[in-house]
2 protein chains.
Amino acid sequence: MSLTCETCPVRDSAACSVLTEEERNELARAGRTRHLSRGETLFTAGDEDTACATLVSGALKITAYDEDGNERILALIHPTGFVGEMFAPFPAHDVVALTDSQLCVFARADMTRALEQHPALTRALLRRSQEDLHLARKLLALGSGFGANEQVSKLLLALAQAASDSPCHPRLQFELPLTRGEMANMLGVTIETVSRVLTALERARIIERKGARGIDILDPARLENFS
Amino acid sequence: MSLTCETCPVRDSAACSVLTEEERNELARAGRTRHLSRGETLFTAGDEDTACATLVSGALKITAYDEDGNERILALIHPTGFVGEMFAPFPAHDVVALTDSQLCVFARADMTRALEQHPALTRALLRRSQEDLHLARKLLALGSGFGANEQVSKLLLALAQAASDSPCHPRLQFELPLTRGEMANMLGVTIETVSRVLTALERARIIERKGARGIDILDPARLENFS
DNA sequence: CGGAGATTTGAATCCACTCAAGTATTGTGG
DNA sequence: CCACAATACTTGAGTGGATTCAAATCTCCG
């Protein structure tokens, strides 16, 4: 399926938005849209045929595996996010869909060429890359938020933030894109601990759970300082 | 002090190495060298007069502070590394010298202009940025290397790697650029725990300590799998 | 040589983990 | 559409490793 930028929900905010209409159309000819269902893999660490992609809708995770085969989640990608290696010969990590997702995929060679032809696109990607760096470091800061209570609380807030359209306020009612196992994994704690903290938060009437994944934040202020 | 690229130890590997001699000289006219002693700050989160810099020699840390004022180390910068905000209005984190360091500093406006004039420089910085991203994620993966023993061992290896000139083999004898407190901080454990692990490693004759900071790695293989 | 800061070491406590069992949710085939 | 199986999640009890608190020792700079 080829690209239809006209109706793209991220046409004004993704990296390609810095291009002129004409340039964008040219780039679009090289790209393809792709749908991934939850759990499907975009590419795997070490893959030969490297691709790059902008996420249009849904959510992705970037994962690595330690020597014992344990998964480790390194990053979450949200719409407008960009994934893929432009310089290394092959991707270092796996990229997997967390929810049904819509992507805009380019062959690496085409993307490399586009970078050479459009300096503005390179600058836009540099900007994105720096943002990714900030996000990775934010996640790093989360990692040692001392107690498990604090870590889970802050992860919840971060996810609420990410689920929100508004860049600054968290969404108070949303569906977790992550399983308990994935949350535990991101924080370096066990599934049981995450579960217990959520139960405690609910009992303290700071959140409410709707089924396994639905979250209502009742008291954002107390969530912030829960320990 | 103005720049003397001719004798710069990173002239062939820093981002500016992609420029022609002529272009580089032009950029050099905008830059200044700067020396930082251990503990000195390059810039602070929220600073007005944003600067960018390439690290020529020494080592830096990028740090954030949580609401209680606890320091959190987000990244280590080694020679050829680049720090500074090019897009955000002000830096998000503090940058502090871990050891005496030599830098090559540019005003943000000059760097922005250089990016517009030299697409190759932008590409080089994009590449660096992606490398930084990989490093941040590697650190993230370190974060939950299960036991404290494993975490400290792997941090030691990472530091030995960074101290090495060769890109692939660790240096077996080097000085830690970090205090116990800084190591503890990076791993989300306590100072005492780091100290105990080092003692255990020494008793197992896997490493040897020379004073408070000197490290000899006697048995890299066993260090790798210490648990 | 002195003294401040950094590091090491020890003992007791506590929080998160492990192990285990039960409950809810999701997805699939009849 | 329902029943069932598979998977995800919750909850409980007991254990262990890292923390906390406290004190001794080491290092390094002036």
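Quick note on labels: first sequence line is chain A, next is B, and so on, each numbered from 1. Computed over heavy atoms, backbone and side chain alike; hydrogens, waters and symmetry mates excluded.
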salt_bridge(A/Arg72, A/Asp66) N-O dist < 4.0 Å: no
Name the one of A/Leu187, A/Leu142, A/Thr193, A/Leu223 that satisfies side chain to side chain contact (heavy atoms under 4.5 Å, CB included) with A/Val152? A/Leu187
[atom1] of [X] versus [atom2] of [N]: gap in Å, rounded?
| X | N | atom1 | atom2 | answer |
| --- | --- | --- | --- | --- |
| A/Phe226 | C/dC15 | CZ | P | 13 Å |
| A/Ile207 | D/dC9 | CD1 | C1' | 14 Å |
| B/Leu201 | C/dT9 | CG | C1' | 16 Å |
| B/Glu202 | C/dT7 | CD | C1' | 13 Å |
| B/Ile215 | C/dT7 | CD1 | C1' | 12 Å |
| B/Gln151 | D/dT19 | CD | C1' | 14 Å |
| A/Leu198 | C/dT25 | CG | C1' | 16 Å |

Can you establish whether the number of heavy atoms outside B/Glu67 located under 6.0 Å from its atom CD is more than 12? yes
Using atom types as modelled and distance alone, determine if a side-chain donor or acceptor of B/Thr4 lies under 3.5 Å from a backbone N or O of B/Glu6. no
OG1 of B/Thr99 to CZ of B/Arg213: how many Å apart, nearest 0.5 Å? 10.0 Å
In Å, rounded to the nearest 0.5 Å, how long is the span from CD of B/Glu71 to CG of B/Asn185? 5.5 Å
In terms of side-chain heavy atoms of [X], which of [options] is nearest?
| X | options | value |
| --- | --- | --- |
| B/Glu192 | D/dT20, D/dT19, C/dA16 | D/dT20 |
| B/Ser195 | D/dG12, C/dA16, C/dT9 | C/dT9 |
| A/Thr199 | C/dT8, D/dT10, D/dA13 | D/dT10 |

5'-most contact on DNA chain D: A/Thr193 or A/Phe146, nearest heavy atom basis? A/Thr193
Tell me if the side-chain of B/Arg196 makes a donor-acceptor pair with the base of D/dG17, cut-off 3.5 Å, by modelled atom types. no
For DNA chain D, which residues in residues 175-191 of chain B have a heavy atom at a distance below 4.0 Å? B/Gly188, B/Val189, B/Thr190
Using atom types as modelled, flag every donor-acceptor pair under 3.5 Å from a side chain in residues 129-139 of chain B to any protein atom, sequence neighbours excluded.
residue: B/Ser129; atom: OG; partner: A/Ser129; partner atom: OG; Å: 2.7
residue: B/His134; atom: NE2; partner: A/Glu85; partner atom: OE2; Å: 2.9

Establish, with yes or no, whether the OP1 or OP2 oxygen of D/dC9 is under 4.0 angstrom from a side-chain nitrogen or oxygen of A/Arg213. yes
Base, sugar-phosphate alone, or nothing: which one does B/Arg209 contact when heavy atoms must sit under 4.0 Å apart? sugar-phosphate
